[in-house]
Amino acid sequence: MNDRLFSDRREAGRVLAGLLGHYRGLPDVVVLGLARGGVPVAYEVATALGHPLDLLLVRKLGTPGCEELAMGAMSVGGVIVLDEDVVRGLGLRPDTIRQVAERESRELARRERAYRSDTPAAELRGKTVILVDDGLAAGVGMRAAVRAVRQRGPAGIVVAMPAAAESTCEELAALVDDVVCATTPMPFLSVGESYWNFTQTGDDEARRLLRAAASARAGATLVRTDLATLRSELVPVRDGVPSDEVLFDIVGDARFVLIGEASHGTHEFYAARAQMTRRLIEEKGFIAVAVEADWPDAYRVNRYVRGRGDDATAEEALRGFERFPAWMWRNADVLEFVGWLREHNDRLGKRERAGFYGLDLYSMHRSADEVVAYLEKVDPAAAARARERYSCFDHNDGDDGQAYGFAAAFGAGESCERQVIEQLVDLQRNALRYQRAQGLLGEDEFFHAERNAVVVAAAERYYRTMFGGRVSSWNLRDRHMADTLFALAEHLGWQRGEPAKIVVWAHNSHLGDARATEMGARGELNLGQLVREHSLADCRLIGFTTYTGTVTAADDWGGPAERKNVRPALPGSVEELFHEVGHKEFLVGFGRSAGAADLLRRALLERAIGVVYRPRTERQSHYFQARLSDQFDAVIHIDETGALEPLERTAAWERGEPPETYPVAV
């Protein structure tokens, strides 16, 4: 799979049109495509928004002797923009620049005549002008275009492109009224890296698109073949749950079934996921649920559901989830599932009982305590050594690891990397002796201790890395979750003498293949991608989407749980497309629905709400580009969803948010 988001310029234009939907229907708007590569993109924008299309010619000023290196750019009207770094760095003389500019000016005039013939350029005075290109690196050509347009007296200028360097988008934002960058890949190597097909746009194609746009203006009736395709291939679900026949057909013989969620606070996602997991445990031989939670907290639940812990009820077993956001696992839907899993297991022998495990790495201090507690039972001298090694963390305030990570990353405190690695190796070196010391339970208890030691080592690395960059810390975290999943599968498979089947619960952003998303373009990977790379034939990825409703989330990290209103999905998003299908809920399985798979292989916006929801900055905070049918094997859409019910309901959650029309609406 390639991580390029757009199949070609036309598809990129359709994505941009979705992001520019708020300009649809406005008076006095003109779309200008930078010739030639920007014209196919601009054509899709103009026809989707119902506005006239024209082109704007810009020529690169190549450096003499190294023509591929641009020393600047020029546009019609004699506008010239120079790249001062290149000019100064190469010591280019004014007369050299003038000679190149005169030559390119003649070429601009020739092309202007060739494109337009007797057709006049669009009138821009008093208009809102949307300048469109197929992508920008340094952006010198777009700056020349902006100057050329400004000379013609527009009311406002908007710059839009499918892919651009983030720094270029920020620089342009200071020059124009609005900038829309659909994607900002990091590192930004070239415009062509965002496209599957980046063949050169010819003069004939540019002229043809200009003529086609003129004849397709405003009143043309759009035939929604996309909706017809989805309606013909969707599969009904009930409360988000497909029939056993449909579910088992999707799962097949897979050993890893990853079931996501579009938010960490939606009741329907949790309830449907739990019901599907029940059926897989009961009928398909799945023996574990691995969740986006810390290992020690989830292992307390594991002991309860397998009849080995001290907790008397499911609610007590969930009390280990104290760290923000506690509602993510201490909620009514998880409580019901944990209760069911205990009842199910009570009817089985000890070796056949299904478990509940965590994959995450935030529990650095709690996992260290678990390692020491385990060693105190089997090797008190080793426990003393572990306590001494882990005391390295005691020099930092706080229990979440961030204080340690900040100090270690910036040289203000000691790094504990050597100590935690030594402790992990020491534990593993004595594995056989420790397991024998506890009899039948020894295998599981040692595995629990070993995974906690691995968590401490991974968390130590994570907290140091998180201050160095989001991509590296994200990748470290998801690699840890994948390593934990594969270690769990190996452990359970060895115990049972057959491959272990595991259901994974986590957010869509962790479970949908990152290579099919904007995340992949930024250099991020995720659990779903790693599982596919490890076991392509043995895994299935199932996602959820919703259009509107309510969600349990906080305003900021660490804040109280609130019941918030989810805004209707943005234009150009997969959620809006699914809403327009007109069904309250349905499933699309891409293995059996070729038309839907082709349709949803184009890049669309996709919404992701975590534990924080910020409606006022929704586009920036919660949306990314994705090719849905490459991201998942199946997707379940529930058009309107409700908030997850925390076991500890705050006053803010009980009150909820007033409608946006409050106090007018009753």
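When reading the values below, keep in mind they use all heavy atoms of this one structure, side chains included, and skip hydrogens, waters and symmetry mates. Model, not experiment: these values are computed from the prediction.
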Margin query: If the condition is ring pair (Phe, Tyr, Trp, His ring centres under 6.0 Å), which residues does H622 pass it with, not counting sequence neighbours?
Written below: Y613
With [X] via side chain to side chain contact (heavy atoms under 4.5 Å, CB included) - residues at least two apart:
| X | result |
| --- | --- |
| L210 | L53, L55 |
| P568 | Y547, T548 |
| E533 | R515, Q529, L530 |

Margin query: Quick test of your reading of the model: are D633 and R540 salt-bridged, counting only N-O distances below 4.0 Å?
Written below: no
Notebook entry, point to check: Should E205 and R36 count as an ion pair when the cut-off is N to O under 4.0 Å?
Noted result: no
Non-hydrogen side-chain atoms of [X] and [Y] separated by less than 4.5 Å:
| X | Y | result |
| --- | --- | --- |
| H267 | E645 | no |
| L600 | L577 | yes |
| Y195 | D134 | yes |

Check: How long is the gap from CE on M142 to CG on L56, to the nearest 0.5 Å?
Finding: 9.0 Å
Next item on the list: May I ask you to decide if L525's main-chain N or O and N475's side chain share a donor-acceptor pair within less than 3.5 Å?
Entry: yes
Margin query: Determine whether a donor-acceptor pair (N or O, by modelled atom type, separation under 3.5 Å) exists between the side chain of S263 and the backbone of T266.
Written below: yes
Note to self: Measuring centre to centre across the rings, with the benzene-like ring taken for any Trp, is Y270 within less than 6.0 Å of F337?
What the structure shows: no
Margin query: Quick test of your reading: applying side-chain hydrogen bond (donor to acceptor under 3.5 Å, both in side chains), list the pairs with at least one residue in residues 235-244, sequence neighbours left out, ordered by first then second residue.
Written below: D244-R279
Note to self: For R592, is the CZ atom crowded, meaning more than 12 foreign heavy atoms sit under 6.0 Å from it?
What the structure shows: no
Margin query: Can you tell me how the ring of H510 sits relative to the ring of W474, calling it parallel under 30°, perpendicular over 60° and tilted otherwise?
Written below: parallel
List, one per line, each side-chain donor-acceptor pair under 3.5 Å for residues 160-172, sequence neighbours excluded.
unit_1: T168; atom_1: OG1; unit_2: A137; atom_2: O; d: 2.3

Checklist line | Contact summary for F188 and L136, nearest pair of heavy atoms | finding: CZ-O, 3.3 Å
